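Notes to accompany the following structure.
Here the structure is a predicted model, which is why all the values come from computation and not from measurement. Just so it is clear: chains get the letters A, B, ... in the order the sequence lines come, proteins before strands, and each one is counted from 1.
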2 protein chains.
Amino acid sequence: MQGKGERKIVSSKDVARLAGCSQSTVSRVLNRPESVHPDKRERVLQAIEALQYKPNMAARSLVAKQTYTIALISGTLRNDFFAESTDRIVEYARKQGYRTIVYFESEGSLGDILAQVRSYKVDGILISCMKLEDPHYEAFATCGIPCIWFNRRHKRGGNYISMDNITAASMLTRHLLDLGHRSIAYLSGHRDISTLDERWTGFEAAMQDAGVPIAEDQVHFLDPEDSAIQKLTWKLMQRLTPPTALVCGHDELAIVCMDALLSMGLRIPEDVSVAGFDDIRMSGHQAIQLTSVGQHRFDMGEVAAEQLIALMHAEAGKEQSVIQFRCKPELFVRKSTGPVRTEQEKARNGRI
Amino acid sequence: MQGKGERKIVSSKDVARLAGCSQSTVSRVLNRPESVHPDKRERVLQAIEALQYKPNMAARSLVAKQTYTIALISGTLRNDFFAESTDRIVEYARKQGYRTIVYFESEGSLGDILAQVRSYKVDGILISCMKLEDPHYEAFATCGIPCIWFNRRHKRGGNYISMDNITAASMLTRHLLDLGHRSIAYLSGHRDISTLDERWTGFEAAMQDAGVPIAEDQVHFLDPEDSAIQKLTWKLMQRLTPPTALVCGHDELAIVCMDALLSMGLRIPEDVSVAGFDDIRMSGHQAIQLTSVGQHRFDMGEVAAEQLIALMHAEAGKEQSVIQFRCKPELFVRKSTGPVRTEQEKARNGRI
DNA sequence: CTGAAAGCGCTTACAG
DNA sequence: CTGAAAGCGCTTACAG
């Protein structure tokens, strides 16, 4: 009753029969065509075409060295940074003849993901979402599959590509200090992630360099959920002496924060300046105009994919060199940051 | 020199040896535990734990009926609608014990994707990006794997879940007409996609009902690329009699459009109203406030995943019933749309 | 309830 | 350059 649905899958045996050769030869035509006599090769190719034969990847992975598949383990798509990098990586890999299996960190522990990845025998792994001290680092590093960490580093190092987040944070903080801000609040996800840890470090250093004290109640590391961010923003801005600028650990968070500020009737940057990290696409939108520091025209994801593929090919040959890239950050000054206004200053001074 | 990297993968044979039973029994413990004697089952489970055994999925798919894997073939993540639905689907499927392999339409023709999906033997397929007349429809419909189309339909029907886009477009158009707009431009991606085709149909019908003519030069179906959208927006708004409102085929496009309008120095909605479809997350942002029609609190992707899993289970049993859902659209009126202003009206009337 | 055997579709030494 | 054979790790009738 199922009709065509029941049709048998064409196997390399069928191709061999039609081409009048052995299954081994069909396999060779697919994997090392130059090792097969041209005439025979041609006949096999014709049989493949005639039968619309597609090799069964599951069977192939069971036995082969190469799968032409890379695994991408990505942070949540709710952060546009990951949506953008996933998009770029999949596209880049495809052009190089690789397919990408995307896993999301929400899909379970990295341990489970590694188990899956191993059983499917991918050729390489790209990880954008490992925590600074994740215990699974070792398992990945020694699993025998080339791995590259990008965006977030692990404390053990390994092959990674990330932005120089310390410098990035210093640049951003410097920018706010130059605009006259002295009361700067800091909102971020937790520091168990290298990017956020480094950004905080850079912020702290820049403030210290400038001799500007950081009030403890201006600094918040929180679960990056919309409602928590909004509540915190309200709380901060309703103080008697609200901060004149907000540094957010990443743009996605900054944009939620802006939403909260606008809903309070505050103007950006007249009442408060806002700045973030990553320079996601939306930050450049005319209605958002978020000042941000990121690595423009140097997509980390794509670079990571490029390096991974190089590593996969090198693997065959000589010894490995460790790949460690630090992308230089670039500051994009937009309208969300502006000079401290006289009223703000006056209000503050009046109270001090 | 590779150390642990070279360690042999633990197989079910190893587990069997340790537990003192056959490989078949190990397999049964994994697949139909109730068919194994409790004592023996316990010993196998312990061996699995001790060896940290993880079944090899590639081998399993080669032979098994079930893979606990579903394939999602999604539109580009550059459209936030797809990022949101992918996120939800992966999460929902995971909770139901299924993993999701995500393919993006950019990864090649749907034919190639189907070949891959078939060779990995997924249990079900979710497709959000098929064109109205895509020739691969048949291949999917008859491949023997349960499929559900969501968001976009194929003209042949099949199992689908989509918004009632005709009604959605009528509601949106009605809203603009009620605000007094008579010169409404329509910007959309090409109509080879059911959602866009239906939205246009609904718009046309609502305009006709209201007796408002649609000027041909106000209607544009274009490649939804940022630069093309911007150029078109500029062209439209620089006319002697620019439209007073813009209907965009989807929110992502509308947001790019707003970017262009703002960069021209136009105010929304004072100078021009903008409206879209999908109600993506950003549309609700205070800085965007895009009036949109979508299916709130009724995530299509999640419903599709739910229906697919039900279908996969039903498959085993009796005959199939076709699944066809039309989600009711909801109109979210926000600040991007407002009444035609007197100056606009006057300007237009003066010229007529 | 359990095991031995066959087989899923492929690739890779091993002989020729 | 080519084929027969073994095997990747699993599951599923088939006997017991």
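Ring orientation note: the planes of A:Phe140 and A:Trp149 are nearly perpendicular, at an angle over 60° on the 30°/60° scale.
In this structure, the CZ atom of B:Arg17 is 12 Å from the P atom of D:dC10, given to the nearest Å. Note: CZ (A:Arg43) to P (D:dC1) measures 15 Å, nearest angstrom. The CG-P distance, from B:Leu51 to D:dG9, rounds to 14 Å in whole Å. Atom OH of B:Tyr68 and atom P of D:dT11 are 11 Å apart (whole Å). Here the C1' atom of nucleotide C:dC8 and the NZ atom of A:Lys13 are 9 Å apart, to the nearest Å. The CG atom of A:Asn31 sits 15 Å away from the C1' atom of D:dT2 (whole-angstrom rounding). Here C:dC1 presents its P atom at 12 Å from CG of B:Asp39, a figure rounded to the nearest Å.
Summarising the local packing, CZ of B:Arg78 is surrounded by 12 or fewer heavy atoms from other residues, nucleotides or ligands at distances under 6.0 Å. B:Glu34 CD: more than 12 foreign heavy atoms inside a 6.0 Å radius.
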For nucleotides 13-16 of chain D, tabulate all protein N/O to nucleotide N/O atom pairs closer than 3.5 Å, reporting atom names and distance.
residue : atom : partner : partner atom : Å
D:dA13  : N6   : B:Arg28 : NH2          : 3.2

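Residue A:Arg41 is the one, among A:Arg41 and A:Gln23, whose nearest nucleotide of DNA chain D lies closer to the 5' end (criterion: closest heavy atom). Mapping B:Ala59 and B:His37 onto DNA chain C via the closest heavy atom, the residue that lands nearer the 5' end is B:His37. Heavy-atom nearest nucleotides on DNA chain D were determined for B:Leu62 and for A:Glu34, and the one closer to the 5' end corresponds to A:Glu34.
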Practice task
Report the secondary structure of DNA chain D in dot-bracket form, marking unpaired bases with a dot and bases paired to a different strand with |, and treating Watson-Crick or G-U pairs with both distances under 3.5 Å as paired.
Solution key: |||.||||||||.|||

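Contact between the side-chain N/O atoms of A:Lys40 and the OP1/OP2 oxygens of D:dG3 is found at a separation under 4.0 Å. Checking the phosphate oxygens (OP1, OP2) of C:dT11, a side-chain nitrogen or oxygen of A:Ser27 falls inside 4.0 Å. For the OP1/OP2 pair of D:dC10 and a distance below 4.0 Å, the side-chain nitrogens and oxygens of B:Asn56 include no atom meeting the criterion.
For C:dA13 and C:dG9, the P atoms lie 23 Å apart once the distance is rounded to whole Å. Comparing C:dG16 with C:dT12, their C1' atoms sit 16 Å apart, to the nearest whole Å.
Side-chain proximity of B:Ser12 to D:dG3, D:dT11, D:dC10: nearest is D:dC10. Looking at the side chain of A:Tyr53, the nearest of the listed nucleotides D:dC1, C:dC10, D:dG9 is C:dC10. Listed candidates were C:dC10, D:dC10, D:dG3. Nearest to the side chain of B:Pro55 is D:dC10. Relative to the side chain of B:Ser22, the nucleotides C:dA4, C:dC8, D:dT11 differ in distance, and C:dA4 lies closest. Of the candidates D:dG3, C:dG3, C:dT12, D:dG3 carries the atom nearest the A:Thr25 side chain, counting heavy atoms from C-beta on. Here the nucleotide nearest the side chain of A:Val63, chosen from C:dT2, C:dT11, D:dT2, is C:dT11. Distances from the side chain of A:Arg32 to the nucleotides C:dT12, D:dT11, D:dG3 place C:dT12 closest. Each of C:dC8, C:dC10, D:dG3 was ranked by its minimum atom distance to the side chain of A:Cys21; first place goes to D:dG3.
Ionic pairing of B:Arg156 and B:Glu138 is present here: one or more N-O contacts between side-chain nitrogen and carboxylate oxygen are shorter than 4.0 angstrom. Salt bridge present: A:Glu91 and A:Arg94 bring a charged side-chain N and a carboxylate O closer than 4.0 Å.
Taking OH of B:Tyr68 as the reference point, atom CE of B:Met57 lies at 10.0 Å (rounded to 0.5 Å).
Counting only N and O atoms by type, the side chains of B:Arg326 and B:Ser162 include a donor and acceptor under 3.5 Å apart. For the residue pair A:Asp192 / A:His190, no side-chain donor-acceptor distance below 3.5 Å is found, with atom types taken as modelled.
Residue pairs satisfying the salt bridge (charged side-chain N to carboxylate O under 4.0 Å, His left out) criterion with at least one member in residues 303-312 of chain B, sequence neighbours excluded, are absent.
Remark: the backbone N or O of A:Leu132 is not paired with any side-chain donor or acceptor of A:Arg153 at under 3.5 angstrom.
Taking every heavy atom of both residues into account, A:Ala93 and A:Thr100 meet most closely at CB-OG1, 3.4 Å.
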